Amino acid sequence: LKVSVTTDVDLVGVYKTKYNEKTRNFAVLELPSGNRIKQPIDDERYAALEKEKTVSVVLEEVHDFADYDSAYAKFRGWAK
């Protein structure tokens, strides 16, 4: 069973990397499960998130049919 949920999560931080004259931006998020994930972001979102502490995201809550109480969250995108 999969359920889509929009929620606020902690933003650990944003950072830039540069390799061969190409720059990439990333956001590090902490999911409700405690797992930290890294997501690529564009320059516009980087500037918007630079000083933020939390961010709205869309998560997919996945339940195991064998053990319904067992669930985990998957990042599915940024909330508008």
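Not measured: the values here are computed from a predicted model.
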Review point. How does the hydrophobic cluster around V58 look, that is, which other residues are in it when side-chain heavy atoms under 4.5 Å mark a link?
Key: none
Review point. Which distance, rounded to the nearest 0.5 Å, do you find between the NZ of K74 and the CG of L59?
Key: 12.0 Å
Review point. Partners of K2 by side chain to side chain contact (heavy atoms under 4.5 Å, CB included), sequence neighbours excluded?
Key: E60, V62
I'd like a table of donor-acceptor pairs (distance under 3.5 Å, sequence neighbours excluded) in which one partner is a side-chain atom from residues 6-22, with atom names and distances.
from: D8; atom 1: OD1; to: S56; atom 2: OG; distance (Å): 2.5

Practice item. Can you run down the salt bridge (charged side-chain N to carboxylate O under 4.0 Å, His left out) pairs that involve residues 44-54, sequence neighbours left out, and say none if there aren't any? Key: none
Taking distance alone, no hydrogens or angles, what donor-acceptor pairs closer than 3.5 Å link side-chain atoms of residues 25-36 to residues at least two apart or in another chain?
from: N25; atom 1: ND2; to: D43; atom 2: OD1; distance (Å): 2.6
from: E30; atom 1: OE1; to: R36; atom 2: NE; distance (Å): 3.3
from: E30; atom 1: OE1; to: R36; atom 2: NH2; distance (Å): 3.4
from: S33; atom 1: OG; to: N35; atom 2: N; distance (Å): 3.4
from: S33; atom 1: OG; to: N35; atom 2: ND2; distance (Å): 3.4

Review point. Are more than 12 heavy atoms from other residues, nucleotides or ligands located less than 6.0 Å from atom CZ of R24?
Key: no
Exercise for review: Compare every heavy atom of I41 with every heavy atom of Y46, then report the nearest pair and how far apart it is.
Suggested key: CA-CD1, 3.6 Å
